K.L.:
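Quick one: the structure is below, questions incoming.
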Amino acid sequence: MAPLEIIFITSALLAGTRAAGPQPLRVTTIKEEPYVMSKGSELEGFCIDLLSALSKKLDFKYDVHMVKDGRYGTTDDSGNWNGMIGEVVRGEADIAVAPLTLTAKREEAVDMTKPYMQTGISFILRKGLASEDSHFLSLLHIFSTEMWISVLVAYLLTSVCIFLVARISPCEWKQPEKEQNSFPLSHSFWYTVGALTLQGVGPHPKALSGRVITAIWWLFSLVLLACYFANLSSWLRSDNEQLSFKSFEDLANQNLIEYGTIKDSSTFTFFKNSNNPTYHRIYEHIKKAQSYSLSAEEGIRKAQKGNYAFIGESVFLDLAVARYCNLTRAPEIISMRGYSIAAPLGSPLIKNLSVAILRLSESGELDYLHSKWWVSSCLANNGKSSPLKPASLKGIFLILALGLGLGLFIALMELASKSRNIANTQQKSCCSVFSAELSQRFRGGEVTKPGSSDKNKA
Ligand code: GLU
């Protein structure tokens, strides 16, 4: 491909640069989304905007060309550099402006500015490379453990309250000595389950106290079910499966999927030089299987096809995941590093460029550029659901608690009112009638069979 060029003509030269005249700086770069991309015959992207901002700040002009071998830069067996670093070392370019990682080895060969962006190393793979056992568990995963415990406690308390109210309330259980109570403990538990599954199971409470508790429990069940299904559907839509491969350790310990980095990249060099046994195993595997990608685009393409984990820099991988909805990034990020601009050793450019980068960062312009180029087109993925916690539904738990308290209070009032009537007619103390009534209702509710009291008397 013919090199793409951008020429900006400005008035003065950068102080201390190629002092021979107003010659533009030769800038080497590499095509990588969203740093450098073609738009017709021009270039655009984060690095192009950065270069333009730096040229305005430092007042220089420049020509951009693509690195000839399409590499970032590493040394061969005889110690010669390839890629953009090689071009800078050989004097074929004055600076390299690209997502070029600052490493110790590169810093020995060229001068590098302060980083303009931070990143780490992670990997992406196609969604759906998930463990088999996650499907069953995902149904329980909709609510957090605390939520499930809270629902269970709410269920037990409500069942017990319905049972108590049905015993206490004289409107529910008019004649404890003659009638069977219609809400034994077993029916109370069954009744609340019926409401929870939207299947009414009779008999229903007749007293106001019982109805208050029932109505509040129905409301609670409706809200709970609505939240469960809403969360379930967003869970399914976001395809939020448990990844089988969450870490580099998982990747190194399996033979099911292939994995690789960009050839001759700093990521590959990191695994090559690492003393960590897991990372070194990853390097050995990539080298043996020759499972490199020649470019970031190729890595993404392979990952999209499936059965390939593309290992790269997280800031780039996040963009890939935001653009291609079928990809997902592993949660593990290792080896934090930064992207810098490279210039030949001893270049007076470095100091000025570093200061300009820091100024752009401090004024928020780098943040603006980041937000400009890291736009997500994969909106469906943004609303990843997480298990619902009781705090999100504390309102409805509070209403249920108030309803249960109110129901019990009304039941006691109903009994108190009945006790007062009896106390008035029988000229007894209201409290003694109330406690006698209460104890009769909790004696076990055994029905006094007609005539049995006479027999006892006899
Ligand atoms: N930024 C890297 C470098 O400068 C290339 C990408 C990668 O390592 O994944 O070599």
Side-chain angles (χ1 to χ4, degrees), residues 27-37 45-48 50 66-76 80-89 93 95-125 248 251 258-274 279 282-283 285-287 291-303 308-321 327 329-330 332-343 357 370 373-374:
V27 180
T28 179
T29 191
I30 194 165
K31 264 205 200 150
E32 182 174 323
E33 273 188 67
Y35 303 95
V36 181
M37 301 172 288
F46 181 94
C47 285
I48 300 300
L50 176 68
M66 293 296 146
V67 58
K68 288 181 200 75
D69 61 5
R71 299 268 176 277
Y72 288 85
T74 191
T75 45
D76 60 18
N80 295 324
W81 284 91
N82 65 10
M84 288 177 280
I85 300 289
E87 290 195 359
V88 173
V89 167
I95 51 172
V97 181
L100 194 63
T101 310
L102 172 61
T103 66
K105 193 139 191 255
R106 286 176 180 172
E107 181 73 358
E108 277 169 8
V110 291
D111 272 349
M112 296 189 84
T113 60
K114 299 270 179 285
Y116 62 83
M117 191 178 280
Q118 298 291 340
T119 184
I121 295 177
S122 189
F123 60 90
I124 49 169
L125 58 164
F248 286 98
L251 217 51
E258 200 50 87
Y259 49 87
T261 60
I262 299 180
K263 196 168 195 267
D264 293 342
S265 64
S266 63
T267 304
F268 179 72
T269 314
F270 164 78
F271 286 100
K272 185 176 170 188
N273 297 339
S274 176
Y279 301 160
I282 289 182
Y283 159 71
H285 174 89
I286 297 175
K287 201 174 121 194
S291 49
Y292 318 100
S293 299
L294 291 181
S295 65
E297 279 71 42
E298 191 188 325
I300 292 175
R301 232 176 305 124
K302 281 187 183 173
Y308 184 81
F310 174 53
I311 304 174
E313 285 164 333
S314 55
V315 68
F316 172 75
L317 300 183
D318 284 341
L319 183 80
V321 167
L327 292 177
R329 179 173 68 69
E332 189 181 32
I333 297 182
I334 56 171
S335 176
M336 291 311 289
R337 65 262 309 285
Y339 291 153
S340 296
I341 295 174
I357 286 172
H370 191 276
W373 293 104
W374 266 257

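Values in this document were obtained by computation on a predicted structure and should not be read as measured data. Excluded from the calculations below are hydrogen atoms, water molecules and symmetry mates; all remaining heavy atoms, backbone and side chain alike, are included. Order of listing sets the numbers, starting from 1, for every ligand and every atom in it.
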K.L.:
Which residue supplies the protein heavy atom nearest to atom 3 (C) of ligand 1, what is that atom called, and how far is it?
P.N.:
S266 OG, 3.3 Å

K.L.:
Only heavy atoms of T101, strictly under 4.0 Å: list the atoms of ligand 1 that pass.
P.N.:
1 (N), 2 (C), 3 (C), 4 (O)

K.L.:
With atoms numbered from 1 as shown, which atoms in ligand 1 lie under 4.0 angstrom from a non-hydrogen atom of G312?
P.N.:
9 (O)

K.L.:
Assess the residue pair I300 and L327 against the criterion (side chain to side chain contact (heavy atoms under 4.5 Å, CB included)); give the C-alpha distance rounded to whole Å, side-chain angles, the decisive distance to 0.1 Å, and a yes or no.
P.N.:
CA-CA 9 Å; I300 292 175; L327 292 177; 3.9 Å; yes

K.L.:
Please tell me whether T267 and T261 have a donor and an acceptor in their side chains that are separated by less than 3.5 angstrom.
P.N.:
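Side-chain D/A pair, T267 to T261: absent.
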
K.L.:
Mark yes when over 12 heavy atoms from residues, nucleotides or ligands other than K68 sit less than 6.0 Å from its NZ; otherwise mark no.
P.N.:
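More than 12 heavy atoms, drawn from other residues, nucleotides or ligands, come within 6.0 Å of this atom.
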
K.L.:
Compute the minimum heavy-atom distance from T261 to ligand 1 and say whether it is under 4.0 Å.
P.N.:
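Per 4.0 Å heavy-atom rule, T261 does not contact ligand 1.
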
K.L.:
Which bit of R106 is near ligand 1, meaning a heavy atom under 4.0 Å away: side chain, backbone, both or neither?
P.N.:
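Side chain only; the backbone of R106 stays clear of ligand 1.
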
K.L.:
If we check side-chain hydrogen bond (donor to acceptor under 3.5 Å, both in side chains) with N82, which of these qualifies: D264, T75, D76?
P.N.:
D264

K.L.:
State the atoms of ligand 1, each with its element, that fall below the 4.0 Å cut-off from a heavy-atom position in S265.
P.N.:
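Numbered from 1, ligand 1 contributes 5 (C), 7 (C), 8 (O), 10 (O).
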
K.L.:
Quick one: which ligand 1 atoms are inside 4.0 Å of a heavy atom on L100?
P.N.:
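So the answer, numbered in order with elements, is 4 (O).
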
K.L.:
Identify the protein heavy atom lying closest to atom 6 (C) of ligand 1, giving its residue, its atom name and the separation to 0.1 Å.
P.N.:
E313 OE1, 3.4 Å

K.L.:
Quick one: nearest non-hydrogen protein atom to atom 7 (C) of ligand 1, plus distance?
P.N.:
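I find the closest protein heavy atom is T267 OG1, 2.9 Å.
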
K.L.:
Salt bridge or not for E297 and K31, using N-O below 4.0 Å?
P.N.:
no

K.L.:
Taking 4.0 Å as the limit for heavy-atom contacts, which would you say applies to Y339 with ligand 1: side chain only, backbone only, both, or neither?
P.N.:
side chain

K.L.:
For P99, which part has a heavy atom under 4.0 Å from ligand 1: side chain, backbone, both, or neither?
P.N.:
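The part of P99 near ligand 1 is the backbone, not the side chain.
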
K.L.:
Any chance the side chains of K105 and T269 put a donor and an acceptor closer than 3.5 Å?
P.N.:
no

K.L.:
Aromatic ring centroids of F268 and Y283 under 6.0 Å?
P.N.:
yes

K.L.:
Answer with yes or no whether the side chains of Y308 and S293 bring together a donor and an acceptor at under 3.5 Å.
P.N.:
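S293 vs Y308: donor-acceptor pair found between side chains.
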
